[in-house]
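The shown structure was predicted, so the numbers you read here are calculated from the model rather than taken from an experiment. Side chains are part of it too, since the values below use all heavy atoms of this structure and drop only hydrogens, waters and symmetry mates. Each chain gets a letter, A, B and so on, in the order its sequence line appears, and its residues count up from 1.
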Protein chains: 2
Amino acid sequence: MDLKAVRAFVAIADAGQFQKAAVDLSLTQQAVSKRIAALEKDLGVRLLVRTPRGAELTIDGQVLLPHARALLQAEERAVAAVRPGERALRVDVLGRRAATAGLVRDFHRAHPEIPLDVVTLFDADTAVTAVRDGAVDATFRAVTMPGRRLPDGIEAVPVLDEPLRLCVGPDHEFARAASVTPAQLAGQRIWMPGNAPGTEWSAYYDELAETFGPSIDTIGPNFGVEALLDTIAGSPTLATFLSERTPLVWPADHDLRLVPVCDPTPVYPHSLLWRTDNPHPGLAALRTHLLATRPRLTEGEVWKPAWATVTS
Amino acid sequence: MDLKAVRAFVAIADAGQFQKAAVDLSLTQQAVSKRIAALEKDLGVRLLVRTPRGAELTIDGQVLLPHARALLQAEERAVAAVRPGERALRVDVLGRRAATAGLVRDFHRAHPEIPLDVVTLFDADTAVTAVRDGAVDATFRAVTMPGRRLPDGIEAVPVLDEPLRLCVGPDHEFARAASVTPAQLAGQRIWMPGNAPGTEWSAYYDELAETFGPSIDTIGPNFGVEALLDTIAGSPTLATFLSERTPLVWPADHDLRLVPVCDPTPVYPHSLLWRTDNPHPGLAALRTHLLATRPRLTEGEVWKPAWATVTS
DNA sequence: TAGGGGCAACAACCTGCAGTTGTTGTTCAG
DNA sequence: CTGAACAACAACTGCAGGTTGTTGCCCCTA
């Protein structure tokens, strides 16, 4: 299917005749005629009945018309999404399964009128660079990276401290525990696949392991969260960290437990980063929304990596 | 924007490299490379970063990808809508403002899983022919047309008797009447634009005028229902017929009245027509839904044209 | 460190299609 | 009966989109 032909079809449906449609499209009548002939041959149905006074839609034409308009609209949206200037608000999230993706979803529900594009960049470094260059308008990250400082003109505000939960199967040693302490995790095997080295997730878990002693496998093949939970559910020794905010379709036949971790509670500190002089109107709305809906900090003592402390 | 290029882009995003995408598309790597180059030039942004081990999405590429998929999906739906066989259920309604359009909307709400296309054909004759030829699966019409009989193999069942309401402005003689009788309408001027001669609407109002004596203008330019209501609201003599089921955005500043017509109540008899041997699964669902939600007949005496009486 | 493999871009060529101009055939209004 | 309006048909042309052949880059391995 050729979009130029579709555009010609819609133009004729609007104009009622080939001639006028051709003028609208800055083409000759013959060119329009050919486009329609090609489209009709493509689809195998007649779309227009040619009369001496113009053209009328056949039944198939009537049926196609709204779909054709939708198609052109989809094209327009696609082009607009990457058009420099006046494009949709672009937000980078750590991962589509992470809690920040939920925050963005909430924002979209609250402000459906603001066009939104969500991307996932490789690591905080890439994300900060992208924000600085204006390639994305905002990013949810744990600031700052170890040994790094934010570039000038980039602002950050903490929006969510995400407490970790230990996810274990029914035969695990902690399956019936009301809670565990990080100290109890020393020597445990915790599996966190899908965290590429160099990302701040990986750095976070590395520091957590170094501080409290569990062995955390942040590498290894990532076959998706379903496969991960499958493995956890069947193992008496393996565990993983999950957030209670992680939007999951919990498999009904897996008897998994989410055990809180306390004294201190390891939290993953999400902040919103943006460029101070970014004039995008959606950005201000996003900041306002996030601050308004920001939950209270976790009660009790929390732990986060030293490098992740936000000054604000 | 060229759909072939978009398809190449999505193929690369899925495959991770030009080479494999080219194989998937049954093209050479060079052709795919050219398509992407053209697309990038078109959009004015770089979509892919070429690496020695394949290609990765840029930020713009990440943003475009879901839009590109949506675009291809819209194309697929458009093609499917006119593909002979296994296409969506096609229903013809008298007009998108008429009550039958509301019935179809209700059906779609009740069965969103059944793909539906709505068309509006010129008159009952065209509609019945279309049903006979299989071009549409069902039509809502007033059967039978004067002097016509339904072709063999076409079945009809009455689904709605739509009572007419007289719509008048605040200065009209009947503006404060609780109801009027058709006999009272003798000599009144009633304006029903947009009913082309030869359609059953027109035939209906002609017979109504002949039976009870009002003068009904079924011709004249149709500037849309808003313009009609505008005129009615300002005139002390003009009136029009509306159905209370007509889905309208009632203009707040127009003090229009809908006066019931009784003794007898003129009703517009909508029936569903379909081809007995049409195997479309959605058709059975539509019939079932309509019969289940069919309202009781209007109370009191009703009037309808002799030719519109349904034998069932 | 050299060599081979894998990948994408570049170059040259070729086919065909999309556009143009010119013309015909049909219908309708005056 | 004639002219105007409209769409289809015919012939020509240029370039877009494909092909094959080749280069250049990077990475892995011996």
Original post:
Taking DNA chain C as the partner, which of residues 7-26 of chain A come within under 4.0 angstrom of it by heavy atom?
Top reply: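 Under 4.0 Å from DNA chain C: no residue of residues 7-26 of chain A.
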Subject >> Option from A:Ile12, A:Leu64, A:Leu65 for which side chain to side chain contact (heavy atoms under 4.5 Å, CB included) with A:Leu57 holds >> reply: A:Leu65
Might you list the N or O atoms of the protein lying below 3.5 Å from N or O atoms in nucleotides 12-18 of chain C, with each pair's distance?
none

Subject >> Nucleotide range of DNA chain D lying under 4.0 Å from chain B heavy atoms >> reply: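 Contact span on the strand: D:dG18 to D:dC28.
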Subject >> For atom CD of B:Glu40 and atom P of C:dA8, their distance in whole Å >> reply: 13 Å
**OP:** For nucleotides 23-30 of chain C, just jot down a letter per nucleotide in 5' to 3' order: B, S or -, based on protein non-hydrogen atoms under 4.0 Å.
**Re:** B---S-S-
**OP:** Take A:Thr139 and A:Val91, measure what side-chain contact (heavy atoms from CB on, under 4.5 Å) needs, and give me the verdict at the end.
**Re:** CA-CA 6 Å; A:Thr139 179; A:Val91 180; over 6 Å; no
Original post:
Using the C1' atoms of five pairs at each end, what's the angle between the two axes of the helix from C:dT1-D:dA30 to C:dG30-D:dC1, to 10 degrees?
Top reply: 20°
Taking [X] for the side chain and [Y] for the main chain, is one N or O donor matched with an acceptor at less than 3.5 Å?
X       : Y        : answer
B:Glu40 : B:Val45  : no
A:Thr58 : A:Arg46  : yes
B:Gln62 : A:Thr120 : yes

Subject >> Test: B:Arg141 and B:Asp92 ion pair at under 4.0 Å >> reply: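 Yes.
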**OP:** Report the C-alpha distance between B:Leu208 and B:Phe241 in whole Å, list the side-chain angles of each, state the deciding distance to 0.1 Å, and finish with yes or no for side-chain contact (heavy atoms from CB on, under 4.5 Å).
**Re:** CA-CA 12 Å; B:Leu208 187 67; B:Phe241 285 127; 3.4 Å; yes
**OP:** Would you indicate whether B:Asp152, at its atom CG, is surrounded by more than 12 heavy atoms from other residues, nucleotides or ligands within a distance under 6.0 Å?
**Re:**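 Not buried by this count: 12 neighbours or fewer within 6.0 Å.
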**OP:** Could you tell me which residues satisfy salt bridge (charged side-chain N to carboxylate O under 4.0 Å, His left out) with B:Asp14, sequence neighbours excluded, listed by chain and number?
**Re:**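 Expected list: B:Arg69.
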Original post:
Do any side-chain nitrogens or oxygens of A:Thr28 fall under 4.0 Å of OP1 or OP2 in C:dG19?
Top reply: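 No, A:Thr28 has no side-chain N/O under 4.0 Å of OP1/OP2 on C:dG19.
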Original post:
Of the options A:Arg275, A:Arg90, A:Arg87, which is the one that meets A:Asp137 in a side-chain hydrogen bond (donor to acceptor under 3.5 Å, both in side chains)?
Top reply: A:Arg87
